[in-house]
2 protein chains.
Amino acid sequence: MTVTIKDIAKVAGVSYSTVSKALNNSPLVKEATKRKILKVAEEMGYEPNLAAKQLVRKRTDVIGLMWPTIERIVLATLVTNISKAFENTSYSMILSVDSQETAMETFKKFQVDGMIIFGESNEVSITQDPIPFVVYGVSGKNETSYPIIDANHEASMQKAVKHLYELGHRNITYIGQFDTKDALQLEKVEGYEKAMKQFGLEKYKQIIDSKGLNWFDGYTAVEKVLQNEGQQPTAIIGGSYDISGGIMRALTEKGISIPNDISLVSYDNIPQMATTEVPMTCIGVPVDVLAEEIVHAIIERIESEERVELVKKLSPTLTARESSGPPRIQ
Amino acid sequence: MTVTIKDIAKVAGVSYSTVSKALNNSPLVKEATKRKILKVAEEMGYEPNLAAKQLVRKRTDVIGLMWPTIERIVLATLVTNISKAFENTSYSMILSVDSQETAMETFKKFQVDGMIIFGESNEVSITQDPIPFVVYGVSGKNETSYPIIDANHEASMQKAVKHLYELGHRNITYIGQFDTKDALQLEKVEGYEKAMKQFGLEKYKQIIDSKGLNWFDGYTAVEKVLQNEGQQPTAIIGGSYDISGGIMRALTEKGISIPNDISLVSYDNIPQMATTEVPMTCIGVPVDVLAEEIVHAIIERIESEERVELVKKLSPTLTARESSGPPRIQ
DNA sequence: CATAAAAATAACAACGTTGTTATTTTATTT
DNA sequence: AAATAAAATAACAACGTTGTTATTTTTATG
């Protein structure tokens, strides 16, 4: 049989309500009795019953994370980080890999206190719902009814271009996906364009569509760059971790040295960037920071009554590594 | 306020215990009243309270899945399929991406009825535990104390070699990872070796270490194959979906036609195999079957008292597609 | 048409907590 | 040392279900 507070009460010689208070460290019970009860509980291997607690407290201290696209390494890393970030809180996290509707049902059933939704391309279709939630995604132009954590892709690209510009680069090419509905990707391209304009580099602007976000997409895109007669870039910005990995590989295979011949800067700020063939300079909100912010946001949304800033744009960080350097003197 | 069975009872003009029975479709309540109650419940938007139910029933109808490595596409597909498989059962599934210990804690807290553990390389360290579980992994030589679902990698390789042999191939090379503790991978290599021996092809045996399971690992391994003077294979077996994708790409880039110059068969039987550049012949337990078996196994483990077969070896299926065909006549 | 049997419904005690109220014990004051 | 205030503990009603037992209603039987 499992041990309940009543069992503890019997052994400790107190009432079970006192046990409850002691276990919750209530100031209403004397230190000495607290210690005694805690000791007994420990000895008996007491494990609180979540269901019973939940039944009276009307909350679970659990957050549900909806994760429809399960295959991208960067998102996987983010999920892992979010999970880790919850460890320092009183909440735990469960995951659903189902569709938004099915996931919603599961979370409703579990009566999670809040939800984290990965926005990506698909619009969030939950307007008025009892469960508080936050979205990780793009804030866009039009206002929202729900809170959004925005990694600020535009500012990232701006920083990337700035970094390269200050190193002396002018011929900066962007490789990324843009034949997509994924607002995240589109913002990156726009950010690049704006930044190039800002630094007066419009005539050097070159955007290569990788037609995807994977390793191979970056790998093949390099061909397109090299085929372009005349305007060869001295620096490339890759639109995602995987894309940049492919770019790096392709360049290396062709005997093009990074960063001596071409500098490479990647979007996505994850630890894995440090362990690429050539350690990669990258921009983006560091994934652990991003995770912290998301966790913070949902908890605040749950616990605080105020509904102030709906959109939280985070500041990206540039982490300089070996893949970027000054251009060769021509 | 949320509606409870007492609210429904009041509106329907019956006692709440009758409502409970009606909602559980008990034969103890008249069809007519059942219908009436169900209608009222529907109208009032009743949602059962899992915590209350759990408190009295002592079970959650929830299974926890431990998923330590979230980055491999094949495992991701498997998880998605398992999740789908649960939809036809009375159970739902939650996921944890934490370490085995942390995940265990979460699952204990939730009082899941059972757990699914992805064995992979790491030994399962839960010997005597109150929560029933099954492991997806390799059964190995020594017996276990816990039930294992084994996809039977050896038999897969055997089938792959047989398929190619019967098409007329002799020179069959295996590309996969084997400098690893991952028992799954090692079994594949052993399976290949045994099969080659069985068909008298020992002198053609060639094993290339991909040093990894990813796209790029397969891609680069092709170089090693082609560098080998003399013994050029007419067929290649790739050790995983990603590896084979890389192999396919590398071959195509070098102008080597699949399957005219070289046939390619891949391990891993997932739907994505049909949509590679050249649709891929593959072997392995189809991922939906595998998911079904895993789900079946854990449910049986929970619901049935008998403890019969601990190890369940599944039969792999060969799905022939365009990437394999008879060798060119020399 | 009374009566027993069967069917349908109602009543109520669990389940393991929390939080509020009531009671007892201890400390403080006169 | 009695009266009172404060501190500590005990008692008990929730929370929303299920399942068992008790009661009422309906149906079958002689």
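Within every chain, numbering begins at 1; the chains are lettered A, B, ... in the order of the sequence lines, protein sequences first and strands thereafter.
- Using a 4.0 Å heavy-atom distance criterion, A:S20 is classed as a base contact.
- Closest-nucleotide positions on DNA chain C for B:E31 and B:L55 were compared, and the one nearer the 5' end corresponds to B:E31.
- In this structure the side chain of B:N81 never reaches within 4.5 angstrom of the side chain of B:F86, judged on heavy atoms.
- Using a distance-only test at 3.5 Å, with no hydrogens or angles considered, a donor-acceptor pair links the side chain of A:D113 to the main chain of A:D61.
- Note on ring orientation: taking the six-membered ring where Trp is involved, the planes of B:F110 and A:F110 are perpendicular (angle over 60°, cut-offs 30° and 60°).
- The shortest distance between side-chain heavy atoms of A:V14 and A:I37 falls below 4.5 Å.
- Taking a 4.0 Å limit (strictly below) on heavy-atom distances, residues 44-53 of chain B does not reach DNA chain C anywhere.
- To the nearest angstrom, C1' of D:dT9 lies 14 Å from CD1 of A:I5.
- No donor-acceptor pair under 3.5 Å is formed between the side chain of A:D268 and the backbone N or O of A:V74.
- Atom CD of A:Q54 and atom C1' of D:dA14 are 16 Å apart (whole Å).
- Judged purely by atom type and a 3.5 angstrom limit, A:T106 uses its side chain to pair as donor or acceptor with the backbone of A:T102.
- Look at CZ on A:R59: it is 19 Å from C1' on D:dG16, rounded to the nearest Å.
- Between D:dA8 and A:T33, no contact under 4.0 Å exists linking OP1 or OP2 to a side-chain N or O.
- The distance between atom CG of B:L28 and atom C1' of D:dT23, rounded to the nearest whole Å, is 15 Å.
- Atom P of nucleotide C:dG19 and atom CG of A:L23 are separated by 13 Å, given to the nearest angstrom.
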Check nucleotides 11-13 of chain C for protein N or O atoms closer than 3.5 Å to its own N or O atoms and list the pairs.
{"residue": "C:dA11", "atom": "N7", "partner": "B:S17", "partner atom": "OG", "Å": "3.1"}
{"residue": "C:dA11", "atom": "N6", "partner": "B:S17", "partner atom": "OG", "Å": "3.3"}

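- The closest donor-acceptor contact from the side chain of B:S304 to the backbone of B:R301 lies at 3.5 Å or more, if one exists at all.
- Atom CD1 of B:I37 is separated from atom C1' of D:dT17 by 15 Å (rounded to the nearest Å).
- Using bins of under 30°, 30° to 60° and over 60° for the plane-to-plane angle, the ring pair B:Y136/B:F118 lands in the perpendicular bin.
- Under a 3.5 Å cut-off, the side chain of A:T317 and the backbone N or O of A:V285 do not form any donor-acceptor pair.
- For the pair B:K6 NZ and D:dT18 P, the computed distance is 12 Å after rounding to whole Å.
- For A:K58 and C:dT18, the shortest distance from a side-chain N or O to OP1 or OP2 is not below 4.0 Å.
- Rounded to whole Å, atom C1' of C:dG16 lies 13 Å from atom CG of A:N24.
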